[in-house]
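Keep in mind that this is a model prediction, so the values were computed, not measured. Residue numbers count from 1 along this sequence. We use all heavy atoms of the structure for the numbers below, so side chains are in, but hydrogens, waters and symmetry mates are not.
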Amino acid sequence: MAKVSASSSLTISAAPGKVLAALSDYETVRPRILPEQYRDFAVVEGGQGDGTVARWVLQATEKRSRNVLATVSVSGATITEKDANSSMVTTYLVAP
């Protein structure tokens, strides 16, 4: 199967530490900021940063969806979500 890669960037006028804390908050912040393509989002374990496990349905297209079970690791200014159901990895890098 072919490897698919995508990237995006966004500038936020806030201190990097606050942005990292917000992105690492899977209990309250993440559910409020996820786009409509993320359905049935729920925290399975943890909820704050490293070690959190969350699940959701990613609606990639109108007819194509994927069940995601992501384990979160936080190292420095990088948040990584690794899906247990596929090879999908999502990485967030917070930079000043």
Under 4.5 Å between any side-chain heavy atoms of Gln48 and Asp25, yes or no?
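They are in side-chain contact.
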
Min side-chain heavy-atom separation Gln37-Leu58 under 4.5 Å:
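In contact.
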
Rounded to the nearest 0.5 Å, how far apart are [atom1] of [X] and [atom2] of [Y]?
{"X": "Glu36", "Y": "Arg39", "atom1": "CD", "atom2": "CZ", "answer": "11.0 Å"}
{"X": "Ile79", "Y": "Thr91", "atom1": "CD1", "atom2": "OG1", "answer": "10.0 Å"}
{"X": "Leu10", "Y": "Tyr92", "atom1": "CG", "atom2": "OH", "answer": "11.5 Å"}
{"X": "Gln59", "Y": "Arg64", "atom1": "CD", "atom2": "CZ", "answer": "11.0 Å"}
{"X": "Ile12", "Y": "Leu23", "atom1": "CD1", "atom2": "CG", "answer": "6.5 Å"}

If I compare all heavy atoms of [X] with all of [Y], which pair ends up nearest, and what's the gap?
{"X": "Pro96", "Y": "Pro16", "value": "CA-CG, 3.7 Å"}
{"X": "Thr52", "Y": "Gly46", "value": "OG1-C, 4.1 Å"}
{"X": "Glu81", "Y": "Ala70", "value": "CB-CB, 4.1 Å"}
{"X": "Val53", "Y": "Leu69", "value": "CG1-CD1, 3.7 Å"}

Among the clusters formed by ILVMFWY side chains lying less than 4.5 Å apart, do [X] and [Y] turn up in the same one?
{"X": "Val29", "Y": "Tyr38", "answer": "yes"}
{"X": "Val57", "Y": "Val89", "answer": "no"}
{"X": "Leu34", "Y": "Leu20", "answer": "yes"}
{"X": "Val4", "Y": "Val68", "answer": "no"}

Report yes or no: does [X] contribute a side-chain atom to a donor-acceptor pair with the main-chain N or O of [Y] at less than 3.5 Å?
{"X": "Ser75", "Y": "Thr78", "answer": "no"}
{"X": "Asn85", "Y": "Asn67", "answer": "yes"}
{"X": "Asp50", "Y": "Val74", "answer": "yes"}

Mind checking whether Phe41 and Tyr26 have parallel, tilted or perpendicular rings, split at 30° and 60°?
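Aromatic pair Phe41/Tyr26 classed parallel.
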
